[in-house]
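Working notes, beginning with the structure itself.
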Protein chains: 2
Amino acid sequence: MTIDTSKVSIKTSLASCFGRNFQELEGANSFLEELSKHAQEIHINENCYIFKEKDPSDYIYIPISGVIMLERSTSKGSRHVFAFLFTGNLLGLSEFSFYTFSARALSNGTIVKINKQLIQSIFERYPAIAKRFHEFTNHVLNYILDQLFIMGQKSAHQRLAHFLLDMSNRIGHGTNKFYLPMSRQDIADYLGMSLETASRGFSSLKKKGMISIQNNYRITILDEAALHRFADD
Amino acid sequence: MTIDTSKVSIKTSLASCFGRNFQELEGANSFLEELSKHAQEIHINENCYIFKEKDPSDYIYIPISGVIMLERSTSKGSRHVFAFLFTGNLLGLSEFSFYTFSARALSNGTIVKINKQLIQSIFERYPAIAKRFHEFTNHVLNYILDQLFIMGQKSAHQRLAHFLLDMSNRIGHGTNKFYLPMSRQDIADYLGMSLETASRGFSSLKKKGMISIQNNYRITILDEAALHRFADD
DNA sequence: CGAGCCCTTGATGCATTTCAACGAATGTGG
DNA sequence: CCACATTCGTTGAAATGCATCAAGGGCTCG
């Protein structure tokens with residue numbers, strides 16, 4: 001039930017949420033201590049929901065390993081994917097009392113589950129940590145603004161190029177070869193296009209020599225500069 | 001240079017940023033006092049920029065009257081409009097050191113300009129106010145997520161319907177007749193479509209009997225339920 | 001009255017969706 | 001181990017939504 005905050009994986013995840021020199025913050029140690037007492041480390045299986053839209057939002061989650069997808073369904077059939085989350089992201093920022101989207105695991109993995117009241121009480125006692133948290137929220141906000149910009153201004157294939165560059169940064173940490181943890185349908189629902197258009201996008205970028213596709217999920221960016229130019233037009 | 005925090009217009013603007021019972025918060029009075037000493041009330045003219053993309057983000061702005069548009073330009077010609085802001089909104093939340101978009105006045109108006117360091121120091125002394133501020137950020141985040149959803153999932157005319165319902169709430173405060181302060185081009189750039197498509201959208205909604213158009217900027221929603229149904233599909 | 005601006009409308013072409021068929025990979029049971 | 005079903009991705013063809021190009025209408029202001 002409780003977690004081991006001395007684990008490297010957990011420490012690095014927390015550090016990438018709360019910033020590089022997290023350990024030096026006032027209250028960081030008390031925070032870790034309280035986490036080790038009250039937070040839970042839970043394992044999640046592929047395709048299981050961590051929470052669903054309209055569930056009461058009582059917890060905040062920090063992915064330690066595995067990939068998480070945030071989604072919302074429309075009245076009739078279709079689905080929107082808001083984000084893909086990896087280690088170092090954070091989940092459940094909302095201060096509403098209900099989640100406004102669902103969170104589903106794309107792969108088996110581990111997440112740390114923290115009661116919101118615990119977080120709230122930490123924030124009240126250690127403003128430095130609260131500040132970091134809110135800086136994180138701000139980064140999310142800016143990230144979503146960029147996404148909004150891309151959705152409003154770019155063509156389908158350009159959006160796909162942006163997506164691949166983003167994934168290269170976040171999954172491959174800058175390396176050009178990486179494994180996509182999501183299906184074509186997931187990508188399409190994230191970028192607001194049909195599955196077929198997403199697939200054609202992959203083919204088109206491949207034909208242009210910007211990427212190569214080892215198999216459906218394993219991608220290499222061959223010409224990053226050209227991909228950037230194409231994406232930004 | 002300084003502002004008069006006893007002015008009703010300023011009080012109501014602050015209240016709608018920081019929440020209903022703002023005055024009862026711990027530190028609210030000190031906050032107001034510091035504002036009256038150090039914040040500035042400035043008048044802005046139609047079409048003037050309050051700040052531009054890449055300007056150092058040293059201030060936070062609270063619109064008292066008038067309408068503000070947030071925009072960003074692409075490398076070549078086109079433009080994205082992120083938001084339209086009214087009284088009770090807040091501008092410059094970013095904790096980056098530079099703005100990532102420009103802010104332009106759509107009409108003559110008044111805004112309160114607050115140094116970020118002042119805000120920061122208030123937050124450090126009065127966590128209750130900081131908390132309110134961050135709740136506000138959270139509302140913005142949720143608002144943008146909804147916008148992202150709409151941009152990704154809805155057709156051009158549906159997006160326009162959403163837009164009109166949103167404006168009805170925010171400008172007309174729920175009344176069905178209101179004055180649009182922005183041009184068709186602004187709307188198009190906000191909703192990610194061409195000026196012509198936006199215009200056709202207006203015509204189409206009018207032909208369907210959902211809205212009526214007194215003149216270019218004065219709109220009446222005739223059948224709100226139908227408009228909702230159409231928007232949400 | 002005429003100029004200029006913004007909005008509307010029509011015609012055409014392109015981007016994207018939809019429908020449909022096929023191919024590749026994976027797993028299952030005989 | 002192979003036939004078969006299933007799932008997921010690709011590709012083609014037709015239909016549709018939207019952008020673009022182009023012309024005209026209405027309003028405001030000099």
Side-chain angles (χ1 to χ4, degrees), chain A residues 46-47 69 74 76-81 106-107 150-164 179-208 211-220 230-231 233, chain B residues 46-47 69 74 76-81 106-107 150-164 179-208 211-220 230-231 233:
Chain A
E46 196 172 329
N47 280 322
M69 179 167 75
T74 61
K76 47 158 217 190
S78 89
R79 181 186 67 152
H80 184 78
V81 171
L106 279 180
S107 62
I150 289 163
M151 295 294 282
Q153 299 299 116
K154 305 289 181 185
S155 74
H157 290 190
Q158 285 180 307
R159 297 204 293 278
L160 183 65
H162 267 284
F163 172 76
L164 290 174
Y179 178 83
L180 284 178
M182 68 293 282
S183 71
R184 295 287 187 270
Q185 183 68 65
D186 295 334
I187 297 172
D189 289 344
Y190 177 62
L191 297 173
M193 61 184 72
S194 69
L195 184 159
E196 293 92 331
T197 301
S199 178
R200 280 183 238 273
F202 275 96
S203 303
S204 161
L205 294 177
K206 180 172 136 193
K207 198 152 66 182
K208 285 177 183 155
I211 65 170
S212 74
I213 305 173
Q214 281 72 50
N215 65 47
N216 285 340
Y217 300 98
R218 190 160 288 285
I219 305 293
T220 307
F230 175 75
D233 192 286
Chain B
E46 194 172 330
N47 281 321
M69 178 168 74
T74 60
K76 47 158 214 191
S78 87
R79 180 186 69 152
H80 185 77
V81 170
L106 279 181
S107 62
I150 288 163
M151 295 294 282
Q153 299 300 118
K154 305 290 182 185
S155 75
H157 291 191
Q158 285 180 306
R159 296 204 295 278
L160 184 65
H162 267 285
F163 172 76
L164 290 175
Y179 178 83
L180 284 178
M182 68 293 282
S183 71
R184 297 285 187 270
Q185 183 68 65
D186 294 334
I187 297 172
D189 289 345
Y190 177 62
L191 297 173
M193 61 184 71
S194 70
L195 183 158
E196 293 92 331
T197 299
S199 178
R200 280 183 237 274
F202 274 95
S203 303
S204 161
L205 294 177
K206 181 173 133 192
K207 197 153 69 185
K208 285 178 184 156
I211 65 171
S212 75
I213 306 175
Q214 282 71 50
N215 63 47
N216 286 339
Y217 300 97
R218 190 160 289 284
I219 305 293
T220 306
F230 174 76
D233 193 287

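Below, chain A is the first sequence line, B the second, and so on; all start at residue 1.
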**Request:** To the nearest Å, give me how far apart CG (B/Asn216) and C1' (D/dT28) are.
**Result:** 12 Å
**Point-to-point distance, once rounded to the nearest 0.5 Å, from CZ of B/Arg79 to OH of B/Tyr190** = 13.0 Å
**Request:** Return the value, rounded to whole Å, for the distance between atom NE2 of A/His157 and atom C1' of D/dT11.
**Result:** 13 Å
**Request:** For A/Ser203, answer base if it contacts any base atom (sugar-phosphate contacts may also be present), sugar-phosphate if it contacts only those atoms, and nothing otherwise; contact means non-hydrogen atoms under 4.0 Å.
**Result:** sugar-phosphate
**Item:** Separation between CZ of A/Phe202 and CD1 of A/Ile213, rounded to the nearest 0.5 Å
**Value:** 6.5 Å
**Prompt:** Which of the following nucleotides, C/dC19, D/dG9, C/dT17, is nearest to the side chain of A/Ser199?
**Reply:** D/dG9
**Asked** For A/Thr74 and B/Gln153, does a side-chain donor sit closer than 3.5 Å to a side-chain acceptor?
**Response** no
**Message:** Just the rounded figure in Å: distance from P of D/dT16 to CD of B/Gln158.
**Reply:** 17 Å
**Value in whole Å for how far the C1' atom of C/dC7 lies from CG of B/Asp189** = 15 Å
**Rounded distance (Å) that lies between atom C1' of C/dC5 and atom CE of B/Met182** = 19 Å
**Prompt:** What pair of heavy atoms forms the shortest contact from A/Thr220 to A/Gln214, and how long is it?
**Reply:** OG1-OE1, 3.0 Å
**Message:** Please report the distance, rounded to the nearest Å, between CZ in A/Phe202 and P in D/dG9.
**Reply:** 9 Å
**Message:** Does C/dA25 have OP1 or OP2 under 4.0 Å away from a side-chain N or O of A/Tyr217?
**Reply:** no
**Asked** For B/Gln185 and D/dA19, what is the distance between atoms CD and P respectively, to the nearest whole Å?
**Response** 11 Å
**Per B/Ser194 side chain, nearest of listed nucleotides D/dG9, D/dC18, D/dA19** = D/dA19
**Prompt:** What's the closest nucleotide to the B/Arg200 side chain, out of C/dT9, C/dC7, D/dT10?
**Reply:** C/dT9
**Request:** Decide yes or no, distance alone: a donor-acceptor N/O pair under 3.5 angstrom between the base of D/dC21 and the side-chain of B/Glu196.
**Result:** yes
**Item:** Protein-nucleotide distance (A/Leu160, atom CG; D/dT10, atom C1'), rounded to Å
**Value:** 14 Å
**Request:** Could you tell me which non-hydrogen atom of A/Ile187 sits nearest to which non-hydrogen atom of A/Met182, and how far apart they are?
**Result:** CG1-CG, 3.5 Å
